[in-house]
Amino acid sequence: MSFRLKIILGVVAIQAVFLLMIIWNGLNVLKTSNEEALLKRTSTTAKLFASMSQAAVLSTDLATLESFVNELLSNPGIVYARVRSNQLVLAEGGDKKLLDRKFEADTSLVSSELDGVFDVYAEIKVAGEKYGRVEIGFSISTIQQLIADSRNNAAVRAMISLVLMALFSWLLGHYLTRGLNALQQGTKLIAEGDLGYQINVSGKDELAQTALAFNDMSVKLKHLDEERAKKEEEIHQLNQVLEQRVIDRTIQLHDVNKQLEHQAMHDALTKLPNRALFHDHLHNTLLSAKRSGELFAMVGVDLDLFKEINDTLGHHAGDLVLQHVALACNKVLRDSDTVARMGGDEFAILLPKVTDMTHALQVAERVLEAIKEPLQIDGQQVTVGASLGIALFPQHGEDELELITHSDAAMYEAKRKKLGVVVYLPEMGEGKSEAITLKGELKRAISIGEMVLHFQPKIDINSNSVIGVESLVRWQHPRLGLVYPDSFIGLAEMSGLIKPLTLEVLRLAMLQILEWRRQGYAYPVAVNISAINLQEKDFPEIVFAMINEYGVPSHLLELEVTESAIMVEPLVAIENIRRLSLMGVQMSIDDFGTGYSSMAYIQKLLVAKIKIDKSFVLEMGTRKNDEVIVRSTIDLAHNLGLKAVAEGVESQEAWDKLRDMGCDSAQGYFMSKPLPAEQFIEWVKSSAWDKYPGTVLE
Ligand code: C2E
Ligand code: CA
Ligand code: CA
């Protein structure tokens, strides 16, 4: 029920109560006043009749009296009328039965009520002397009818006034609540969002004050809403700016990743694809050649006398020569060909879709001519020679390894006989190229235990104590003697043998840890891990299983992963390093400075140490640039909360410099070359280096 309806009903109810009281009172008053008036009227009628009849009575004019009586009887409610003298009736009319009633001539009566008739009498007097009297009978039922009529009239009037009052109340209520209505309407509009809506205000009462306050509030709300909208717009714009920034950053990141990817797959000096990318191209070219039946050639290139150029003219000249070779190759090759720097002064060329052997030979000869074009280095004319060996698919090899080893064999032949360009011949294979024979032997060698480990100490620069060793694999070859890892690690990686090789090295390292523990030495042993190992999703589990199998404390095992190995598949590498770290295995980044790992990745790596590549440490004394790199790498490591390890420390000067730079530990020929296990312990016992870091045996 609305407030207005309540007010109206309230007013109506109060008025109705008052009205009913008034009507009730009025009816009572009416009733009594009607009886009195009637009494008065009947007696007046009687008195008038008496005085009218006076003359006719005195003169006994019966005819006049008769007409008077009749006249009187014509009035409603008069049932009989009589005029009498003191002795007899002079004239009468009306109801016979009533006239014949035994009439008590009681002169004292002025009225009486009998048989439903109201009898009224009046004396006819002249000068105080009584001459007779008139008698009139009024019908009581007629009187009552009159009273009832009056009552009904009053009731009708009361009803009309009630209706009028209700109407008046409604109008009054409407008038009183019209402000409330406006307020209600305004509130509704505001709720619907019509902020700032204003109520028309007239007067100064409380309602008007409320309406003014309402208007005030409405304006403020509108103002607040406008501010909110403005803020929302600002936030929206900020969001858009942020979104754009995120997009920009994502694009930048994408570009940087692309760059890093490119850098990881390219040689920094010559900008040529590196060994990894070359293998990738070779693999794909092989697949498509097998499908299409087309020929392709693989050309191995090795510079002649490069070492001499380096030694006599310096590293800078060597760098210029390598860049010259890269340019020369690119100048004569098609876009679809690939020339890559495989390392050092070794290059490789892939010639897809060659028509025949002659075609490949022609291209190789053009390349050689371009290389041989003289270049100026510091005002000096330098001519570079090269040896090129060609292997053709499918004639000279049906898989990657065969093609590489056979082009190598041809290249060695060219070098040995100073022939420039040589095409592979099957006779060259046997005994000529070490790689070919090694490949066949490597798998067997791993399984029959021809792999041995040498150990090189890592020394804490502050305390001069041995804090661990790096294990370096060697192949105890029955014919060739001790073969160094550079000759077979690449081969193992290419031929799928790196997994068994790494497992063998891990096995040997763990056995050595146990043996030394038995002897009372607790040296952490570091094992080098290839990029291929690091990309295996189950590698951490394999290591963990071995740790459990051999019962080696995980903190005594260290794994060294090269910076470039991390960049091959950074996300997998980060995750594997994290899992290994959480197992308690110490992780270090090897050859730091040679790759192009981004800070973003380095920060994510859960590693303990950064090993500064020996190429920088070796040249620290002669190349200012290298000293800067070493110094900033040490700072970087410390800023990331990591330890810096320098490798390739060959002299006292290098040692001192590293100590001054705040490097944490060092490794190098100055302290010790890598040694077999027993010799290493002898070195520990006899060397000036301060033994080992307490007994860590638990
Ligand atoms: P690396 O991990 O950088 O190992 C350090 C190499 O530097 C070793 O050569 C070591 O003999 C040599 N070195 C140590 N101190 C000095 C120094 O003062 N001056 C100079 N010039 N060289 C020093 P190594 O033993 O021939 O190993 C060569 C590379 O072969 C290693 O480089 C490592 O990348 C790889 N390698 C060795 N063992 C393994 C292995 O078990 N598994 C794998 N995947 N790779 C291995
Ligand atoms: Ca290493
Ligand atoms: Ca290294």
Side-chain angles (χ1 to χ4, degrees), residues 275 343-344 442 445-446 450-459 468-476 481-512 524-536 539 543 557-566 568 586-595 607-622 626 630 645-655 657-658 663 665-676 679-680 683:
R275 186 186 280 270
L442 186 58
I446 296 169
E450 283 183 4
M451 297 297 140
V452 293
L453 293 187
H454 284 186
F455 302 92
Q456 191 179 31
K458 298 179 182 177
I459 318 274
V469 296
E470 175 174 8
S471 70
L472 294 150
V473 70
R474 277 92 181 89
W475 180 358
Q476 192 62 62
L482 205 60
V483 181
Y484 282 81
D486 282 341
S487 311
F488 61 89
I489 293 292
L491 200 68
E493 283 176 338
M494 236 167 23
S495 55
L497 288 172
I498 191 66
K499 292 183 195 179
L501 178 66
T502 301
L503 293 186
E504 173 67 359
V505 174
L506 278 168
R507 187 182 74 87
L508 293 173
M510 290 190 190
L511 288 176
Q512 194 60 62
V525 175
V527 171
N528 290 284
I529 296 302
S530 142
I532 294 170
N533 301 128
L534 197 63
Q535 283 160 46
E536 290 171 56
F539 184 67
V543 174
L557 181 69
E558 277 187 36
L559 297 180
E560 297 188 0
V561 291
T562 62
E563 200 191 355
S564 45
I566 293 164
V568 174
Q586 290 219 53
M587 303 297 297
S588 0
I589 308 177
D590 206 354
D591 299 350
F592 193 85
T594 57
V607 295
K609 294 174 190 166
I610 288 181
K611 292 187 79 176
I612 309 162
D613 191 61
K614 60 176 175 287
S615 62
F616 305 109
V617 180
L618 286 170
E619 304 282 340
M620 213 167 43
T622 47
D626 286 352
V630 172
V645 186
E647 52 177 35
V649 180
E650 291 188 348
S651 63
Q652 180 75 54
E653 295 81 67
W655 172 273
K657 207 164 231 163
L658 288 164
C663 189
S665 53
Q667 191 181 338
Y669 294 168
F670 175 59
M671 292 80 88
S672 170
K673 288 206 169 193
L675 299 168
Q679 285 179 37
F680 169 74
W683 173 87

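Just follow the structure's listing: the first ligand is 1, and inside any ligand the first atom is 1.
- Salt bridge annotation for Glu470-Lys609: absent, with no cationic side-chain nitrogen under 4.0 angstrom from a carboxylate oxygen.
- Heavy-atom contacts of Asp591 reach the following atoms of ligand 1: 3 (O) (cutoff under 4.0 Å).
- Among the atoms of Thr502, none of the N or O lies under 3.5 angstrom from an N or O of ligand 1.
- With a 4.0 Å cut-off on non-hydrogen atoms, His454 does not touch ligand 1 at all.
- At a heavy-atom distance under 4.0 Å, only side-chain atoms of Lys614, from C-beta outward, approach ligand 1.
- With a 4.0 Å heavy-atom cut-off, ligand 1 is reached by no atom of Asn533.
- Take Phe616 and apply the ring-ring contact (aromatic ring centres under 6.0 Å, His included) test, not counting sequence neighbours, and it matches no residue.
- Here's the thing with Pro674: none of its N/O atoms is less than 3.5 angstrom from an N/O atom of ligand 1.
- The Ca ion (ligand 2) has an N, O or S atom of Glu470 inside 3.0 Å of it.
- Here the shortest heavy-atom pairing between Gly593 and Glu563 reads N-OE1, 2.9 Å.
- Ring geometry for Phe488 versus Trp475: interplanar angle over 60°, hence perpendicular rather than tilted (30 to 60°).
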Practice task
Give the C-alpha distance, both sets of side-chain angles, the deciding distance and a yes or no for side-chain contact (heavy atoms from CB on, under 4.5 Å) between Leu557 and Met510.
Solution key: CA-CA 8 Å; Leu557 181 69; Met510 290 190 190; 4.0 Å; yes
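- In the candidate list Glu560, Gln667, Glu650, Glu650 is nearest to atom 19 (N) of ligand 1, counting heavy atoms.
- Both the backbone and the side chain of Leu472 come within 4.0 Å of ligand 1, judged by heavy-atom distances.
- Residue Asp590: an N/O/S atom is found under 3.0 Å from the Ca ion (ligand 2).
- In this structure, the side chains of Ile489 and Leu501 come closer than 4.5 Å at one or more pairs of heavy atoms.
- In summary, an N, O or S atom of Asn528 is located under 3.0 Å from the Ca ion (ligand 2).
- Distance alone, capped at 3.5 Å, places no donor-acceptor pair between the Glu650 side chain and the Gly668 backbone.
- Contacts between Ile489 and ligand 1 below 4.0 angstrom, taking non-hydrogen atoms only, involve the side chain exclusively.
- The backbone N or O of Ile610 lies less than 3.5 Å from no partner atom in the side chain of Ser588, so there is not a single donor-acceptor pair.
- Distances from atom 46 (C) of ligand 1 to the heavy atoms of Asn528, Val617, Val527 show the closest one on Asn528.
- Each of the atoms 2 (O) of ligand 1 lies under 4.0 Å from some heavy atom of Asp590.
- Contacts with ligand 1 closer than 4.0 Å are made by no heavy atom of Asp613, backbone or side chain.
- Where the criterion is an N or O separation shorter than 3.5 Å, residue side chain and backbone included, Glu470 meets it with respect to ligand 1.
- Contact annotation: for Val649 versus ligand 1, heavy atoms closer than 4.0 Å belong to the backbone alone.
- Pairs of residues two or more places apart, or lying in two chains, never qualify as ring-ring contact (aromatic ring centres under 6.0 Å, His included) while including a residue from residues 489-512.
- Salt bridge Glu558/Lys458: present, at least one basic N to carboxylate O contact under 4.0 Å.
- Heavy-atom distances between Arg474 and ligand 1 reach below 4.0 Å in at least one pair.
- To the nearest 0.5 angstrom, Met620 atom CE is 8.5 Å from Ile612 atom CD1.
- For ligand 1 and Pro485, the ligand atoms under 4.0 Å from any heavy atom of the residue are 24 (P), 25 (O), 26 (O), 27 (O), 28 (C), 30 (O), 36 (N), 37 (C).
- In this structure, Gln456 has a heavy atom closer than 4.0 Å to ligand 1.
- Atoms NZ and CH2, from Lys673 and Trp683 in turn, are 14.5 Å apart once rounded to the nearest 0.5 Å.
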Practice task
Determine, stepwise, if the pair Lys657 / Val649 fulfils side-chain contact (heavy atoms from CB on, under 4.5 Å).
Solution key: CA-CA 10 Å; Lys657 207 164 231 163; Val649 180; over 6 Å; no
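- Note on Glu560: its N/O/S atom closest to the Ca ion (ligand 2) is OE1.
- The closest approach between a heavy atom of Lys673 and any atom of ligand 1 is not below 4.0 Å.
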